[in-house]
Amino acid sequence: MNFEQAWLDYKGKAVSTEVGEIKFICADVQDELIRNSVKELQAAVKAMTGKEPVLQADSFESKAEQQIESISLVIKEGVKAEGYRLLEKAGQIIVEASDSRGILYGTFALIRLIQAGETLRGLHITKEPAMPLRMLNHWDNMDGSIERGYSGESFFFENNEILVNDRTVTYARLASSVGINAVVINNVNVKDSATYLITDRYFDQLKAMSEIFAGYGIKLYLSLNYAAPVELNELDSADPLSEEVRAWWKKRMEIVFGAVPNLGGFLIKADSEGRPGPFTYGRTHADGANMLAEAAEPYGGLIIWRCFVYNCKQDWRDRKTDRARSGYDNFIGLDGTFRDNVILQIKNGPMDFQVREPVHPLFGGLKKTNQMLEVQIAQEYTGQQRHICYLIPMFRQVLKYRTYVQESNDTVEDIVSGRTFGQKNCGMAAVANTGNDENWTGHDMAAANLYGFGRLAFEPDLTAEAIAKEWIRVTYGVNKKAEEILLNMLMNSWPAYEKYTSPLGIGWMVNPSVHYGPNVDGYEYDRWGTYHRADHLGIGVDRSRVGTGYALLYNEPNASAYDDRERCPEELLLFFHHIPYTWKLKTGKTVIQHIYDTHFEGVETVDEMAAGFEKLKGILPDKVFERVMKRLSHQKEHAREWRDQVNSYFYRKSGIPDEKGREIW
Ligand code: GCV
């Protein structure tokens, strides 16, 4: 299948005027990453100017200081690992870094500047990545399907085989161009053939893939089946304290790390949604994770252990069990018991990637454990890449959230960057939104989330707006009108989606299993622990001290604020409290009126987005325009469906009419 180059399509892009003069690239290309940096630069400059710069080994003394004639890639101490410096001196552009990954990131940064038409004169920029691990988690299955995939099939797997081809290389280029340095290629729900990824059935292809990744500074990771010794028919137990099981994993790790160079380690979903884990043997998550970590340790391997553990067979009548508590309750008592090469991977919120959730209380709860933040750019609950929903503003809010785990350096960003506890094994992972669609992400606008995630993990101080602007420029060139319209669409998209879907932090209200489209009671009488508890008087889950007590899992002052319905941030009000429809919000509106108003407003914003986008006909490539327009018309219609179902449901429950007398069914 054909595929596009997304933001690495350099043709026809606006260019800094100085670039036309670049004749030479100077670099010592012993290292593959530097070779790839040079290749990228040559291709970029050629596509943008028509002239390919010549590679020369020696550094270049500019003779004509008036022009910028060369770009030099230089390994030099001075910037932190993986960081880079960009300088312009007497007509020479220098990309400096202390390692070759830094050179690669610096090169891509330079290309971005050129694409965005920035001047290169007087360039003096130093950047160092905030987070050590900047990771993509693909939920790709080996039959080619993708769990929660909305952009076609997998480009890693097909018919239980691993695919290694041109697309692998372009993928690696795209990922590394935004600073991604780790990729898990298979679904965390490891079943069937995927269990065999750690056997010689797949080593040749894995090796080939991992070598391509290595050339772009990316470590390959695999999701692991916790019960592999049993499911591979080699042992009859996976008990983490059994000597036989421990020896099995030691041998297995020796074999896998020996066969697949550049393997970073493993991601594990255990005792969650039917996946096997140490609970089967009466053991803890620490027992399980540490067993694997000990086995992987000689090879520098990391064990990334997910905290998404909850009872998915709850009785909806039970008001005491609270799914939101479960990640915390399962892991907090294990703080400090994990080996140094274990990282706990924690979803941004305690439920499951809803349009609005509080920050997971394990951030700020755990003090002696390596932690990673998991977000989802696959838009499972946020419009499935048929609706526009630019998620970087949400991720940034999560990163900037103060946990009060200590007086300063206490934000989620501080924790996952290693600043809070001095940990080096930490970072941020996103569930990927790619597939084998021509444009990689199904919705062209969803590429902003892929791009933005990498950029944010590298530089969390960039604003969501700055990232969006940058993405627009590098993808569609510098065009004022396109920038204004697309930026507006992206920045309004998450607020709009929140408005026309579930209100005030309550979440869910989607069709079970597919998680698309409105169904207010879809999960109300189900076993998944995801309820809104609406009756004729009010709505919301009481998670205060007199409810499930979840609010008190936070450090002060967050705990008291969440616990108190008067002080609870209103966007989370129904997550924490059961509130009467007549309750007055700070805007002066009642909860019910807020529900009606936001649902009408959300739809209006989508209409405005679509009207704005229509003006880009002839400005964006036709193909892109058609694809986005088609999705926007679906979004317009589908947002109305959300609005009407949610508004009608609450009107019928409460019997309270809309003050503005609009049509409610
Ligand atoms: C990979 C949610 C999704 C599942 C997913 C799970 C997880 O429940 O709906 O498809 O499984 O999260 O994160 O493990």
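In listed order, ligands and their atoms are each counted from 1. Fair warning: this is a prediction, and the values are worked out from it, not measured in the lab.
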Legend entry - H577 and Y562 aromatic centres sub-6.0 Å: no

Inset, instruction - For the pair Y500 and H387, name the ring-plane relationship: parallel under 30°, tilted 30 to 60°, perpendicular over 60°. - result: tilted

Legend entry - Residue part near ligand 1, for V431, under 4.0 Å between non-hydrogen atoms: neither

Inset, instruction - Measure centre to centre between the rings of Y328 and Y550, then say whether the value is under 6.0 Å. - result: no

Inset, instruction - Within a distance under 4.0 Å of any heavy atom of F308, pick out the atoms of ligand 1 and give their elements. - result: 6 (C), 7 (C), 8 (O), 12 (O), 13 (O), 14 (O)

Inset, instruction - Considering heavy atoms of the protein only, find what lies nearest to atom 9 (O) of ligand 1 and give residue, atom and distance to 0.1 Å. - result: E380 OE2, 2.6 Å

Inset, instruction - Name the closest protein heavy atom to atom 12 (O) of ligand 1, giving the residue it belongs to and the distance to 0.1 Å. - result: K347 NZ, 3.2 Å

Legend entry - Ring-ring centroid check Y171 F156, cutoff 6.0 Å: yes

Inset, instruction - Hey, can you tell me if H638 and Y516 have their rings parallel, tilted or perpendicular (30° and 60° cut-offs)? - result: parallel

Legend entry - H515 neighbourhood, listing ligand 1 atoms whose heavy-atom distance to it stays under 4.0 Å: 9 (O)

Legend entry - N187 N/O under 3.5 Å from ligand 1 N/O: no

Legend entry - For M135, the option from V183, V184, I218 that meets side-chain contact (heavy atoms from CB on, under 4.5 Å): V184

Inset, instruction - Could you find the nearest protein heavy atom to atom 1 (C) of ligand 1 and give me its residue, atom name and distance? - result: N189 ND2, 3.2 Å

Legend entry - R306 heavy atom under 4.0 Å from ligand 1: yes

Inset, instruction - Report the distance from atom CG of N311 to atom CG of D322, rounding to the nearest 0.5 Å. - result: 11.5 Å

Legend entry - Heteroatom distance test (W139, ligand 1): nitrogen or oxygen, under 3.5 angstrom: no

Legend entry - Top protein contact for atom 2 (C) of ligand 1, by heavy-atom distance: D352 OD2, 2.8 Å

Inset, instruction - With the side chain counted from C-beta on, respond yes when N189 and R275 share a heavy-atom pair under 4.5 Å apart, and no when they do not. - result: yes

Legend entry - Top protein contact for atom 6 (C) of ligand 1, by heavy-atom distance: E273 OE1, 3.3 Å

Legend entry - For atom 11 (O) of ligand 1, the option (of R148, E147, R275) bearing the nearest heavy atom: E147

Inset, instruction - Just say parallel, tilted or perpendicular for the rings of Y523 and H515, cut-offs at 30° and 60°. - result: tilted

Inset, instruction - For atom 14 (O) of ligand 1, find the nearest protein heavy atom and state the residue, atom name and distance (0.1 Å precision). - result: K269 NZ, 2.6 Å

